[in-house]
Amino acid sequence: MATQTVDATAEDIASMEIRGAATIARAAAEALAVQAEESDAADPEAFRAEMRGAARVLLDTRPTAVSLPNSLRFVLNGMAGESVEALRSSVERTVETFVADLESAQDRLGRIGANRLRDGDVIMTHCHSTDALATVEKAVEAGKHVEAYVKETRPRKQGHITARQLREMDVPVTLVVDNAAHRYLNDVDHVVVGADSIAADGSVINKIGTSGLAVSARDRGTPIMVAAQTLKLHPDTLTGHTVEIEMRDEDEVISSADREEIGDIEVRNPAFDVTPPRYVDAIVTERGQFPPESIVTLMRELYGDVDDQPWTEPSNRDAVSADDR
Ligand code: RI2
């Protein structure tokens, strides 16, 4: 298990040293285990308050990937016991379960997604998604030959990570700039992407550029598979909330020297976009593959009774519900 403190983990998530929805979820859960281990809380209530505070620090790092609150909720709701010692070991056990579940979900999802890929298929990827790569890995393990067009994915070029990991699987890779995607989609059998959040209507929130790629793919008749374990299902969207799209620093897009040379301009750097369900052929989860419009059924089954924010202090919770009334 990782041994990073909550503050170090939060810093790494915010700076994207730790990135990718599943990886963020795991790191956050492991940071809570470290917090529990190192806590010198005097009594159970102090311990619980400390864990809630730690969860809020992690929660405040990045707003879009729901795997982060889902992971914090899982760990905080698993806290049980009448003594600090009992609470501490419940956190450690819950985090171990969380990490094991995450790994087996990705494994199962990979095997399901691999069934969609045939021997000789060419895929196109966007950004870097461990869930998406799991489907390719399982296909390769099953003896299928798969080749990949890998989109660079500006501004942070996470496509390079995808290219490297595909090469480690011996998958032939052609790296293209984002603008070349439409040009090569005729040669592609499947677009395979991950997700940071899935909304109740089946919309897919993923790295900026996914929606444009999906529109292009639909135009070319190329199917789009979204690989997303159920940790990516966003419970708040069941009650009408929308998913916040993170805006990142403009320095990721343009250097200050270049900017100065150009003159007075605005720069926008949204990290994610929303792909409507009509552009998505299948959402592949560890529970099977779903047409996007039916994902709400699974979301209700898994998260239907989730309306709690266990990181909120009990006094504020009362205030919130009073406001709601
Ligand atoms: P896995 C990433 O976000 C990408 O958008 C990727 O598709 C998604 O997380 C899911 O990644 P970022 O953290 O959970 O790079 O499949 O902004 O690894």
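Predicted model only: the values in this text are computed from it and were never measured. Basis for what follows: all heavy atoms, side chains included, without hydrogens, waters or symmetry-related copies.
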Report the residues that fulfil side-chain hydrogen bond (donor to acceptor under 3.5 Å, both in side chains) with [X], sequence neighbours left out, ordered by chain and then residue number.
| X | answer |
| --- | --- |
| Glu252 | Arg156, Arg248, Asn269 |
| Arg220 | Asn186 |
| Asp107 | Arg111, Lys138 |

Check for a donor-acceptor pair, side chain of [X] on one end and backbone N or O of [Y] on the other, with a separation under 3.5 Å.
| X | Y | result |
| --- | --- | --- |
| Asp131 | Gly194 | no |
| Thr135 | Gly113 | no |
| Ser197 | Val66 | yes |
| Ser39 | Ala36 | no |
| Arg108 | Ile112 | no |
| Asp121 | Arg118 | yes |
| Tyr279 | Ala217 | no |
| Thr153 | Lys151 | yes |

Using a 4.5 Å cut-off on heavy atoms from C-beta on, say whether the side chain of [Y] contacts that of [X].
| X | Y | result |
| --- | --- | --- |
| Ser255 | Glu260 | no |
| Trp311 | Pro69 | yes |
| Asn206 | Thr275 | no |
| Val150 | Thr174 | no |
| Phe272 | Asp196 | yes |
| Arg62 | Ile24 | yes |
| Gln165 | His128 | yes |
| Asp281 | Arg116 | yes |

For Tyr149, give me all partners under ring pair (Phe, Tyr, Trp, His ring centres under 6.0 Å), at least two apart in sequence or on another chain.
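For Tyr149, the residues satisfying ring pair (Phe, Tyr, Trp, His ring centres under 6.0 Å) (neighbours in sequence not counted) are Tyr184.
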Any residue meeting ring pair (Phe, Tyr, Trp, His ring centres under 6.0 Å) with Phe74, in chain and number order, not counting sequence neighbours
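Expected list: Phe98.
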Arg88/Glu92 salt bridge by N-O under 4.0 Å criterion:
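Between Arg88 and Glu92 there is no salt bridge, as every charged N stays at least 4.0 Å from the carboxylate O atoms.
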Can [X] and [Y] be counted as having a side-chain donor-acceptor contact under 3.5 angstrom?
| X | Y | value |
| --- | --- | --- |
| Thr130 | Gln106 | yes |
| Gln158 | His126 | no |
| Glu30 | Gln4 | no |
| Asp273 | Ser211 | yes |

With rounding to the nearest 0.5 Å, note down the distance linking CZ in Arg26 to CG in Leu231.
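Spacing of CZ (Arg26) from CG (Leu231) equals 12.5 Å.
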Is the NZ atom of Lys144 crowded by more than 12 outside heavy atoms at less than 6.0 Å?
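Above 12, so yes.
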Side chain to side chain contact (heavy atoms under 4.5 Å, CB included) with Glu137: which residues, sequence neighbours excluded?
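So Glu137 forms a side chain to side chain contact (heavy atoms under 4.5 Å, CB included) with Glu141, Met169.
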